[in-house]
Amino acid sequence: MTQPPGAPIPYEPGIPMPPVATARFAIGEVVRHRQFEFRGVIFDVDPVFANSDEWYEAIPEDVRPRKDQPFYHLLAENDESSYVAYVSQQNLVADDSEEPVDHPAINGLFEGYAAGRYTLKRTHRH
């Protein structure tokens, strides 16, 4: 059967569907890296790895995360700077300090902070 251009591919019984990864963290949550000294607020989530192969290959093989898990975009900070980080779920833990993140882009995406969580501005919600 021929599909019109742009039409969704129909589901066919017997063809296995890819596993669906479940995100442990949500947009607005403050997290910290399990191994490195930085923390940040989540502003986007990819259900599986969605960065470049060059980025992935630059990670040393012995600490390279699996691609079949959620990856999080963070407005991150450490003692020296603020930056954007892309981190696998296996490398994040909840930050229980209840301290806000000091990143210059926070006010552009979020409107409030309470109980260790930021509220996404209404203009950025789907």
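Only heavy atoms go into these numbers, but all of them, side chains included; no hydrogens, no water, no symmetry mates.
Between F71 and W55, the two ring planes are perpendicular [angle over 60°; tilted spans 30° to 60°].
Looking at R39, its side chain never comes within 3.5 Å of a backbone N or O of S97 through a donor-acceptor pair. R34 contributes no side-chain N or O that, together with a main-chain N or O of V93, makes up a donor-acceptor pair within less than 3.5 Å. The main-chain N or O of D102 is found under 3.5 Å from a side-chain atom of S82 such that the two form a donor-acceptor pair. The main-chain N or O of P70 is never found under 3.5 Å from a side-chain atom of Q89 such that the two would form a donor-acceptor pair. Counting only distance, with no hydrogens or angles, the side chain of R32 and the backbone of D95 share no donor-acceptor pair below 3.5 Å. Distance alone, capped at 3.5 Å, is enough to place a donor-acceptor pair between the Y56 side chain and the P65 backbone.
Linking ILVMFWY side-chain heavy atoms closer than 4.5 Å, directly or via other members, places V63 and L92 in two distinct hydrophobic clusters. Hydrophobic cluster membership is shared by V84 and V30, with clusters built from Ile, Leu, Val, Met, Phe, Trp and Tyr side chains linked at under 4.5 angstrom. Linking ILVMFWY residues whenever their side-chain heavy atoms come closer than 4.5 Å, directly or via other members, leaves V31 and F49 in distinct clusters. At a threshold of 4.5 Å between side-chain heavy atoms, the hydrophobic network of Ile, Leu, Val, Met, Phe, Trp and Tyr places V101 and F25 in one connected group.
For D46 and K67, the salt-bridge test fails: no basic side-chain N is under 4.0 Å from an acidic carboxylate O.
At least one side-chain heavy atom of Y83 sits under 4.5 Å from a side-chain heavy atom of N78. Contact annotation: the side chain of V41 never approaches that of L74 to less than 4.5 Å [non-hydrogen atoms, C-beta and beyond]. Residues I27 and F110 meet the side-chain proximity criterion, which asks for heavy atoms closer than 4.5 Å. At a threshold of 4.5 Å between non-hydrogen side-chain atoms, the residues H103 and E77 do not count as touching. Between V87 and F38, the closest side-chain pair of non-hydrogen atoms falls below 4.5 Å.
Under a cut-off of 6.0 angstrom, the local environment of CD in E57 is crowded, with over 12 non-hydrogen atoms contributed by other residues, nucleotides or ligands. Remark: D62 CG is packed, more than 12 non-hydrogen atoms of other residues, nucleotides or ligands lying under 6.0 Å away.
Across all non-hydrogen atoms, the minimal contact from K121 to G108 is CD-O, 3.9 Å.
One distance of note links CD of E37 with CD of E80; it measures 11.0 Å at 0.5 Å rounding. Atom OH of Y118 is separated from atom CD1 of I42 by 12.5 Å, given to the nearest 0.5 angstrom. To the nearest 0.5 angstrom, F43 atom CZ is 10.5 Å from I106 atom CD1.
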